[in-house]
Structures are given as C-alpha cells and as structure tokens.
Amino acid sequence: MTAETLTLGKALNAGLRKAMEDDPKVLVMGEDVGKLGGVFRITDGLQKDFGEERVIDTPLAESGIVGTAIGLALRGYRPVCEIQFDGFVFPAADQIITQLAKMGMRSLGALSLPVVVRIPCGGGIGAVEHHSESPEAYFTHTAGLRVVACSNPADAFTMIQQSIASPDPVIFFEPKRRYWDKAEVDVDAAPDAWAPLHGAKVVRPGEHVTLLAYGPQVKTCLEAAAAAAEEGRSLEVIDLRSLNPLDIDAITDSVNRTGRCVVVHEAPVFSGFGAELAARITERCFYRLESPVLRVGGFSTPYPPSRLEDHYLPDLDRILDAVDRTFAW
C-alpha cells in the first residue's frame, strides 16, 4: 500500500490525472478548468501536463458544455464536464435529460455516452445564491443516468476513475465543503481492490439506529454517532455512495438489524431523495421496523443567504433529535 495524505480535492485531481494517463480519449472540459485549474483547483496542473486539446476552457455555457461532450462521446471520447457550481447545472438540464440520459435507449443500445458530469454540491461555504444547491433528486428521477456522490478522499480518488470508465453517463456529486478534508489514500491500489462504484459502505457499525447519508452529510452523521455513543446509543452510519443504482440490499440488511432508520441529506425534505429511501425501506422492512423512517434535511425554502445557512443545514442536534424520536414509538 502506497498511502498519501490528500484532501478530497487533491484526491479528485489525482484520480482525474490517473484516468487521463491511462486513456488518451479522456478529456476534461468546463469553465476555467484549464489555466486557472478550476475555482476549487480540482483540475490544477492538468492543462499544463496534458495540453489545451485535452483540458479545455469552455465558454460560460453549461448547455453547450454538455452538448459538446455528447458529440465528443459519440466520436469515441470520454469527456469529463465540470459544472462550476451546483446551481449552474440547470441550463444544461435539457441536454442531460433529453439527450444524455436517453441516447442508449433511443439507439436500442447501439450507442453509448460515457460522459461524466462533475457537480460540486451542497452548502456550508458561505456562498451567494445559486452556489449551494443539492439537485440530486432531479437526476436520480431521470432514467438512463448513473448518480454517485463521494464523501471522502479515498472514495473520491477511486470513484472518479470508475465513473470515467463507465459506459453510461454519470452525474458525479462532490461535497464542496469537504474539499479540504484530509485522509490517507492508497494511490497504487489495483482497481480490482477498489470498492464497487455502486456499493454502499458501512462507515460506522452500530446496533440501535441506522443513519443513511451521502456526500457532505456523511461526516455530520459520523459526528452524531460519536455523540450518541456517549449516551449509550449505538448508531450505524451508512455512506450510500451511489444514489442510482441504489445498493438497497446493504440498506435493508442494516435496517432489519437495527429496526430504526434516519435519512439525512442537505436537500429539502419534501420530495427529496430521502422520500424514495423511506418508501423503499418501508416496503422491504415493514415488519422489522420499530418506528417510521424519519428524514432530516433542508427546509422547503430556497437556499438562504450565507449568514443563515447554519440554521438551514442539518446538524448534529437535528440528527440526534430525529434519533430520539425513533425511540418514542
């Protein structure tokens, strides 16, 4: 094992670099991804090392970025598009939903579009409007897309490479407030030793309640589990990693053991991805549940100004309050 201590952002950079070294058909494209290295420096140094023909600074036109990527994929390339901020993805929604997601079915499997759309997601960085969204439910609802979310440096390094290698389009969510979190990453591990792209992980075993999270809220759930342990409660934390397809077996195995479940995400609770999780768990685990599946998330408002975001985002207290309520039934 060759372990390096990397931030999540540096791990993404290393994963992109490895994919570009392994396959000359891999391209990176987006606003300011070249000379600047991206606003979060995720693509720092790539244009210098691979040239302007493979790391492409695009106009400020998200629909054009994804549309061009679709054409490149049809010609045999593997484009990796960066959407600079989550709230900027909506101009590209037409290309993603009506073209990227549907080409495989439209061509009866004759054509594939191995396009990765990277989206920094979530809040917690004190940004202005349109820079702190959580749009995952739009894309999990769109058949034909794979949707994944990394939460830590080790997964960031492997999952970006696995997404690029996928024959299908992948929406790749990156928790922007975790870009600076550090952890050890085995940069030389063979791909067959990596966790499956679409497999969930139990990141903290527990006995009394299952916490389901992905992306930025995994760390918050781990903090909640540590606090609950001081009060004698054992919380199991599962990092979903993949939202579509969903590793439902790992989820139901845990909930069948604990009998209680709390789903946590930053997006608004109403019609959020947690609603799908709650429904699926209820269908599969009904006779083993000791309480309803509860959800903790953002409120049904537009994302607030930065000075209010700490009140909007799920935190340790709101998660532990939901845990307490699961024991009230």
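The structure presented is a predicted model; accordingly, all values stated were derived computationally and were not measured.
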Nearest-0.5 Å distance that lies between atom [atom1] in [X] and atom [atom2] in [Y]:
X      : Y      : atom1 : atom2 : answer
Thr43  : Phe50  : OG1   : CZ    : 12.0 Å
Ser107 : Leu113 : OG    : CG    : 8.0 Å
Cys150 : Leu8   : SG    : CG    : 5.0 Å
Leu235 : Leu211 : CG    : CG    : 5.0 Å
Met29  : Arg118 : CE    : CZ    : 13.0 Å
Asp188 : Lys18  : CG    : NZ    : 8.5 Å

Taking the side chain as every heavy atom from C-beta outward, state whether [X] and [Y] have any pair of such atoms under 4.5 Å apart.
X      : Y      : result
Leu100 : Val115 : yes
Asn152 : Asp239 : yes
Val202 : Val237 : no
Thr142 : Ile96  : no
Leu246 : Phe273 : yes
Arg325 : Leu294 : yes
Thr58  : Thr68  : no
Val80  : Leu27  : no

(message) Using a 4.5 Å cut-off between side-chain heavy atoms of Ile, Leu, Val, Met, Phe, Trp and Tyr, which other residues end up in the same hydrophobic cluster as Leu60?
(response) none
(request) Go through the steps to decide whether Tyr303 and Glu129 satisfy the test side chain to side chain donor-acceptor pair (under 3.5 Å), and finish with yes or no. (result) CA-CA 7 Å; Tyr303 197 87; Glu129 190 179 30; over 6 Å; no
(message) Under 6.0 Å from the ring centre and within 45 degrees of the ring axis: does the NZ or CZ of Arg233 meet both conditions for the six-membered ring of Phe327?
(response)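 Yes, Arg233 sits over the ring of Phe327.
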(message) Can you confirm if the NZ or CZ of Arg318 lies within 45° of the ring axis of Phe299 and under 6.0 Å from the centre of its six-membered ring?
(response) yes
Under 4.5 Å between side-chain heavy atoms, hopping through other hydrophobics if needed: is there a path connecting [X] to [Y]?
X      : Y      : value
Ile319 : Val263 : no
Phe172 : Tyr214 : yes
Val89  : Val39  : yes
Val28  : Ile56  : no
Leu145 : Leu277 : yes

Is it true that [X] and [Y] have a side-chain N and a carboxylate O under 4.0 angstrom from each other?
X      : Y      : result
Arg284 : Asp249 : yes
Asp168 : Arg146 : yes
Lys35  : Asp57  : no
Asp86  : Lys176 : yes
Asp155 : Lys201 : yes

Smallest separation among heavy atoms of [X] and [Y], with atom names:
X      : Y      : value
Val55  : Val33  : CG1-O, 3.8 Å
Arg54  : Val26  : NH2-O, 3.0 Å
Pro79  : Leu72  : CG-CB, 3.9 Å
Phe88  : Glu62  : O-CG, 3.1 Å
Ala250 : Ala200 : CB-CB, 4.1 Å
Ala92  : Val66  : CB-CG2, 3.8 Å

(request) Look at atom CD of Glu21 and say whether more than 12 heavy atoms of other residues, nucleotides or ligands are closer to it than 6.0 Å. (result) yes
(request) I would like to know whether Val148 and Val170 meet side chain to side chain contact (heavy atoms under 4.5 Å, CB included); could you show each step before the answer? (result) CA-CA 7 Å; Val148 300; Val170 179; 3.9 Å; yes
(request) Output yes when a side-chain donor or acceptor of Gln162 lies under 3.5 Å from a complementary backbone atom of Ala195, and no otherwise. (result)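 Side chain of Gln162 to backbone of Ala195: a pair is present.
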(message) Determine whether a donor-acceptor pair (N or O, by modelled atom type, separation under 3.5 Å) exists between the side chain of Arg288 and the backbone of Gly259.
(response) no
(request) Take Gln217 and Thr220 through the test side chain to side chain contact (heavy atoms under 4.5 Å, CB included) and record every step on the way to the result. (result) CA-CA 5 Å; Gln217 283 298 317; Thr220 311; 3.3 Å; yes
(request) Specify whether Phe157 and Trp194 have parallel, tilted or perpendicular ring planes, treating 30° as the upper limit for parallel and 60° as the lower limit for perpendicular. (result) perpendicular
(message) Let's go through Arg257 and Asp253 carefully: what are the C-alpha distance in whole Å and the side-chain angles of both, what is the deciding distance for salt bridge (charged side-chain N to carboxylate O under 4.0 Å, His left out) to 0.1 Å, and is it a yes or a no?
(response) CA-CA 7 Å; Arg257 282 189 293 101; Asp253 285 350; over 6 Å; no
(message) Quick one, Glu31 with Ile65, criterion side chain to side chain contact (heavy atoms under 4.5 Å, CB included). Give me CA distance, side-chain angles, the key distance, then yes/no.
(response) CA-CA 9 Å; Glu31 298 160 7; Ile65 293 169; 4.0 Å; yes
(message) Between Leu46 and Met20, does the side chain to side chain contact (heavy atoms under 4.5 Å, CB included) criterion hold? Intermediate values first, please.
(response) CA-CA 9 Å; Leu46 297 183; Met20 297 184 75; 4.3 Å; yes
(message) For His130 and Phe90: C-alpha separation, side-chain torsions, deciding distance, then whether ring-ring contact (aromatic ring centres under 6.0 Å, His included) applies.
(response) CA-CA 10 Å; His130 308 308; Phe90 299 110; 8.7 Å; no
(request) Taking the six-membered ring for Trp and the single ring otherwise, decide whether the centroids of Phe85 and Phe40 are under 6.0 Å apart. (result)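 Between Phe85 and Phe40, the centre distance is under 6.0 Å.
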(request) Check step by step if side chain to side chain donor-acceptor pair (under 3.5 Å) holds for Thr252 and Asn256. (result) CA-CA 6 Å; Thr252 54; Asn256 278 333; 4.9 Å; no
(message) Pair Glu266, Tyr312 - check side chain to side chain donor-acceptor pair (under 3.5 Å), show working.
(response) CA-CA 8 Å; Glu266 290 191 7; Tyr312 179 90; over 6 Å; no
